[in-house]
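Nothing here was measured: the structure is a model prediction, and the numbers come from that model.
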Amino acid sequence: MTLRIGNASGFYGDRFDAMREMLTGGDLDVLTGDYLAELTMLILGRDRLKDPAAGYARTFLRQLEDCLGLAHERGVKIVTNAGGLNPAGLADAVRALADRLGIPVRVAHVEGDDLTAAHPHSLAAHAYLGGFGIAACLRAGADVVVTGRVTDAALVTGPAAAHFGWRETDHDRLAGAVVAGHVLECGAQATGGNYAFFRDGDVRRPGFPLAELHEDGSCVITKHSGTGGFVDVGTVTAQLLYETAGAAYAGPDVTARLDTVRLGQDGPDRVRIEGVRGQAPPPTLKVGINKLGGFRNEVVFVLTGLDIEAKAALVREQMEPALGKAADVRWELVRTDRPDAPSEETASALLRLVVRDPDQEVVGRALGGAAVELALASYPGFHVLAPPGKGSPYGAFEDVYVPHGAVDHVAVLHDGRRVPVPPARDTAVLDEVPQPPLPEPLPPGPTRNAPLGLVVGARSGDKGGNANVGVWARTDDAWRWLAHELTADRFRELIPESRPLKVTRHVLPNLRALNFVVEGILGAGVADRHRFDPQAKALGEWLRSRHLDIPEALL
């Protein structure tokens, strides 16, 4: 008995027509949509400040207007976290839409994640719930289930638990579903999108992934026939490493052991995942807290031609009096210029000024006036990419942990009944997983100084203020070299930003992979916009571009 679960959204703003494509492209039992991220919760929180009836992903409702009838005709259940901060409001909106369209669907929702009242200085504080509230809604006959903040993988563990009758102690099965959910959650990232070796296939318009899930928790990751992109062991490995840390991948339903995952190519665009082991979840739930951190403004000065460093020094000195009151001032000179350049743009460098302060006036009018006044009184060729505005609010993210019993997890069924979802009874404190033995190193031989990315892939992402960089080898020999060469200290050498920070290396031999966690590199999270790449999306590609001595046998 196979449960076919597809995904039609990896973030709020993903491809609008993916829902129709997934419903018409082949057989499905369940279609999921992941719309939430740390930044999305902040955006929805600001929406709710303006309108208490807002707080959910409106895109989902517009997609459903076009596709609800299709899903009903084909018997496809829809499960989504698009409810965001207001799952009850979105569920009511879906019912109103169904009534208007004359489609007899049963709509349920899950609530209890909102802990904002317990964190009075936050814009939004939400616990990451598991999948058993979703399962309760589906078992009661719901056709559409709307949630707020659940883990991304819960969109798969919930339908799987409902379909197969799993209990909360079926740890290995649940862990298999968590792994499947983690692969599906970011949509086209599992089908060639954002993939290090993107030239291996046609990724101009990747299709969205689906999992053929089995009762034992194993699955096959694939996509609808005729859609773009590709699914192979590499694309699945990349997504497995995305935004994870060590071998123990903890969640509210189960802790999945990523070091037990076994992947195998099961045919064209088919990757089998099996062997996943699970253990009891930790005794606490993660709570994501979003706050308004203050106001931020930015000016980018363009420096062209000769004397770049001197021009930068001049404008910094001229701007200094206007920046004295700001709480945080950061300058960054980006040397995009080239000598004897064939175009003005390639002859120019960028001097980026970012200013933050609790007072909007300090980063707004004061900063803008000082920059504009230099138009005729600064370095030769003075201009900026855009005039500074009035300053925009920025957010800060942190996570805390509460006992399972601290939330009132409730499944609100399609007939209005409220069914409490009991907290996990079987829990275990998360212990450090011992580092596994390394493979035998490659024998000595000639080397060549070359980019790391010629022999390994990487994918990186954010978790609050931390970044992770997953690195994997495509052959056994490359793995033997990588496991010994790319230590945490070597990582720090290659990524200078990480040198003052804590870098932890995790080894995953089954995936021929290393996962590095860099603590604090993203400040207070993506909404803080602490660095040039605030979500560390390209940190892995920067690592792949760095040169080191690689055995010629691997090149």
Please check if any side-chain donor atom of T222 sits under 3.5 Å from a side-chain acceptor atom of D269, or the reverse.
no
N468 and S460: CA distance, side-chain angles, deciding distance, side chain to side chain donor-acceptor pair (under 3.5 Å) verdict:
CA-CA 5 Å; N468 94 290; S460 55; over 6 Å; no
Can the positive tip of R62 be found less than 6.0 Å from the middle of the six-membered ring of F60, inside 45° of the ring normal?
no
When you compare the side chain of Y56 with that of P87, does any pair of heavy atoms fall below 4.5 Å?
no
Identify which one of L511, T191, I273 satisfies the side chain to side chain contact (heavy atoms under 4.5 Å, CB included) criterion when paired with V236.
I273
Between atom CD1 of I5 and atom CG of L28, what is the distance when rounded to the nearest 0.5 Å?
9.5 Å
Name the orientation class of the two ring planes belonging to F164 and W166 (parallel below 30°, tilted from 30 to 60°, perpendicular beyond 60°).
parallel
Answer yes or no: does atom CZ of R167 have more than 12 heavy-atom neighbours from other residues, nucleotides or ligands under 6.0 Å?
no
If you measure from CG on D17 to CG on L23, what distance do you get to the nearest 0.5 Å?
11.5 Å
Does R106 CZ have over 12 foreign heavy atoms under 6.0 Å away?
yes
Name the orientation class of the two ring planes belonging to F491 and F516 (parallel below 30°, tilted from 30 to 60°, perpendicular beyond 60°).
parallel
Nearest 0.5 Å please: distance from the CG atom of L64 over to the CD1 atom of I103.
8.0 Å
